[in-house]
Student: 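After the structure tokens below, expect a handful of questions from me.
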Number of protein chains: 2
Amino acid sequence: MNSSYHHGDLRRALIDAAVESLGETGPSALSLRAVAKRAGVSHAAPAHHFGDKAGLLTAVATEGYGRFADALERAGRNGDFVDVGVAYVRFAIDNRPYFEIMFRPELLHEDDPDLARAESRSRSVLVRGAADLAGGEPSLSPQAVAAWSMVHGFAELLIGGNFPPEVAGDPEATVRKIATRIRFDPE
Amino acid sequence: MNSSYHHGDLRRALIDAAVESLGETGPSALSLRAVAKRAGVSHAAPAHHFGDKAGLLTAVATEGYGRFADALERAGRNGDFVDVGVAYVRFAIDNRPYFEIMFRPELLHEDDPDLARAESRSRSVLVRGAADLAGGEPSLSPQAVAAWSMVHGFAELLIGGNFPPEVAGDPEATVRKIATRIRFDPE
DNA sequence: CCGAGAATTTGACAGTGTCAAGTTGTCCGG
DNA sequence: CCGGACAACTTGACACTGTCAAATTCTCGG
């Protein structure tokens with residue numbers, strides 16, 4: 001029981017440390033060595049578990065997609081797709097460290113099977129919600145693309161600080177108002 | 001006035017080199033020294049002109065916002081807001097190196113006055129287009145937020161490779177179809 | 001023509017990711 | 001009980017990065 005050796009679940013601790021670090025410094029300034037130091041291990045320990053910096057971020061993104069799918073699923077329980085949209089941007093706000101990474105392919109190992117699984121799960125939750133709205137189409141309908149794009153763009157613009165105070169102040173209200181009033185022309 | 005002993009306009013050459021580099025390697029892997037080498041100058045030359053790595057990226061983003069505003073303005077000439085939306089995502093596709101940087105505040109010097117000017121210009125072009133649609137409101141109406149979010153989210157998701165082939169194949173057609181059929185309920 | 005001042009280079013420094021090799025812990029078959 | 005195999009982790013090194021200070025090179029106005 002040498003104290004220099006980490007006996008608990010180091011993989012878990014490293015992911016947590018990475019998320020904390022991401023929350024403080026943002027993705028571009030994330031340092032593997034800083035993460036290692038925060039977890040109390042040597043600078044090369046992360047490489048052993050994740051291979052790569054991208055590997056660590058992939059693990060974070062995978063966990064993020066898992067939580068994301070959970071949140072969307074929970075919000076969609078009562079059949080109102082507006083709630084799913086609201087949950088989408090709420091997740092981006094509340095889990096910003098995850099969200100800032102999840103849609104940045106150049107930072108991740110896209111071929112990772114776990115990541116792909118988690119990704120496709122949250123995508124399917126999203127599409128199912130949109131399909132309910134549009135009338136049960138299996139694939140990505142134009143309506144679904146539109147809805148997804150809108151909530152995603154809103155989240156990104158909000159996080160990037162591109163909105164004036166009156167909309168950034170209560171983003172949930174704004175997205176709810178918009179999502180409620182929006183319609184899709186047949187034809 | 002600005003002629004240097006290197007050869008022409010080094011500032012210009014460095015921005016161009018940065019854009020090329022961004023196009024090849026993406027923003028996260030951009031190296032100041034690689035940019036300098038590409039421009040044929042020493043590794044510390046960029047610092048003199050831009051102070052910082054963020055300074056160089058700020059200059060790139062400023063130029064990007066300029067071109068962006070031009071493109072949106074050109075597209076809005078004939079009063080159809082759908083064209084502006086299409087131009088938005090077309091810009092993201094055609095000028096990906098710029099677009100990938102423009103909405104990433106943590107990579108830039110947000111307080112830079114030139115950047116702020118260029119930003120607010122393209123924003124005002126966008127809002128003016130949306131105001132025409134909504135009936136002349138000056139500030140950011142819910143409709144404008146919705147429209148902006150949608151085209152922006154579409155562009156980001158598209159660039160991130162999140163869409164299946166049938167929509168990524170002809171993105172312009174998809175965004176046009178969506179933008180044409182979308183409506184906004186008057187309460 | 002020359003000296004001031006700007007543009008650029010040179011050299012150094014701390015920090016980064018990644019790899020190879022060494023060290024330390026764990027566990028299991030005898 | 002024990003020895004050795006195996007995984008987890010550390011140590012040390014390497015090339016590369018951004019940034020800064022000092023030295024150099026060019027330009028131009030007097």
Side-chain angles (χ1 to χ4, degrees), chain A residues 1-22 24-61 101 104-112, chain B residues 1-22 24-61 101 104-112:
Chain A
M1 34 174 76
N2 190 332
S3 66
S4 78
Y5 264 57
H6 196 281
H7 36 290
D9 187 350
L10 180 52
R11 189 187 148 88
R12 183 65 265 145
L14 285 171
I15 293 183
D16 290 342
V19 171
E20 289 176 27
S21 239
L22 282 170
E24 292 171 8
T25 67
S28 49
L30 180 81
S31 149
L32 265 194
R33 291 169 112 106
V35 169
K37 181 175 295 182
R38 190 190 289 262
V41 290
S42 84
H43 68 261
H48 181 257
H49 281 276
F50 304 102
D52 234 351
K53 185 180 189 178
L56 172 55
L57 291 182
T58 299
V60 173
I101 278 202
R104 292 253 212 307
E106 84 270 19
L107 260 40
L108 312 174
H109 287 149
E110 278 191 287
D111 52 334
D112 183 283
Chain B
M1 45 150 118
N2 248 2
S3 187
S4 62
Y5 71 78
H6 158 67
H7 38 40
D9 186 350
L10 179 53
R11 190 187 148 88
R12 186 60 270 145
L14 284 170
I15 294 184
D16 290 342
V19 171
E20 289 177 28
S21 238
L22 282 170
E24 293 171 9
T25 66
S28 49
L30 181 82
S31 149
L32 265 194
R33 290 168 111 105
V35 169
K37 181 175 296 183
R38 190 189 288 263
V41 292
S42 85
H43 68 260
H48 180 259
H49 280 276
F50 304 100
D52 235 350
K53 185 180 188 177
L56 171 56
L57 291 182
T58 299
V60 173
I101 277 201
R104 293 253 213 303
E106 85 269 19
L107 259 38
L108 311 174
H109 286 148
E110 279 192 286
D111 52 335
D112 183 283

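All chains are named by letter (A, B, ...) in the order of the sequence lines, taking the proteins before the strands, and each is independently numbered beginning at 1. All values below were derived from every heavy atom in this structure, side-chain atoms included, with hydrogens, water molecules and symmetry-related copies excluded.
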Student: Hey, what do you get for CG (Leu22(B)) to OG (Ser28(B)), rounding to the nearest 0.5 Å?
Tutor: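 Atom-to-atom, Leu22(B):CG and Ser28(B):OG are 9.5 Å apart.
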Student: Between His109(A) (NE2) and dT18(C) (C1'), how many Å, whole number?
Tutor: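 It is 12 Å, rounded to the nearest whole Å.
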Student: I'd like to know if Arg33(A) reaches the base of dG15(C) with its side chain such that a donor and an acceptor end up less than 3.5 angstrom apart.
Tutor: no
Student: Please state how far atom CZ in Phe50(A) lies from atom C1' in dT18(C), giving the value in whole angstrom units.
Tutor: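 Nearest whole value for this atom pair: 16 Å.
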Student: Can you tell me how far C1' of dA8(D) sits from CG of Asp9(A), to the nearest Å?
Tutor: 13 Å
Student: Would you give the length of the straight line joining atom CD1 of Ile101(B) to atom CG of Leu30(B), rounded to the nearest 0.5 angstrom?
Tutor: 7.0 Å
Student: For the atom pair OG1 (Thr58(B)) and CG (Asp112(B)), what is the distance rounded to the nearest 0.5 Å?
Tutor: 5.5 Å
Student: Go through the N and O atoms of the side chain of His43(A) and the base of dG12(D), and report whether any donor-acceptor pair is under 3.5 Å.
Tutor: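 Result: at least one qualifying N/O pair found.
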Student: What is the distance from CG of Asp52(A) to P of dG17(C), rounded to the nearest Å?
Tutor: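 These atoms are roughly 11 Å apart.
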Student: Rounding to an integer number of Å, can you tell me how far Leu56(B) CG sits from dT17(D) P?
Tutor: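 One finds 14 Å between P of dT17(D) and CG of Leu56(B), rounded.
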Student: May I have the distance from Arg11(B) (atom CZ) to dA6(C) (atom P), rounded to whole angstrom?
Tutor: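 Answer to the nearest Å: 17 Å.
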Student: NE2 of His48(A) versus P of dC19(C): gap in Å, rounded?
Tutor: 14 Å
Student: By nearest atom, which of the nucleotides dT10(D), dG17(C), dG18(D) is closest to the Ser31(A) side chain?
Tutor: dG17(C)
Student: I need the Lys53(B) NZ to Leu108(B) CG distance, nearest 0.5 Å.
Tutor: 12.0 Å
Student: Quick check for you: among dC19(C), dG18(D), dC20(D), whose closest atom lies nearest to any side-chain atom of Lys53(B)?
Tutor: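 It is dG18(D).
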Student: To the nearest angstrom, how far is Lys37(A) atom NZ from dT10(D) atom P?
Tutor: 14 Å
Student: For Ala47(A), which contact category applies under a 4.0 Å heavy-atom criterion: base, sugar-phosphate, or nothing?
Tutor: nothing
Student: Report which part of the nucleic acid Leu30(B) touches: base, sugar-phosphate, or nothing (heavy-atom distance under 4.0 Å, all strands).
Tutor: sugar-phosphate
Student: Measure the CD-CZ distance between Glu20(B) and Arg38(B) for me, rounded to the nearest 0.5 Å.
Tutor: 5.0 Å
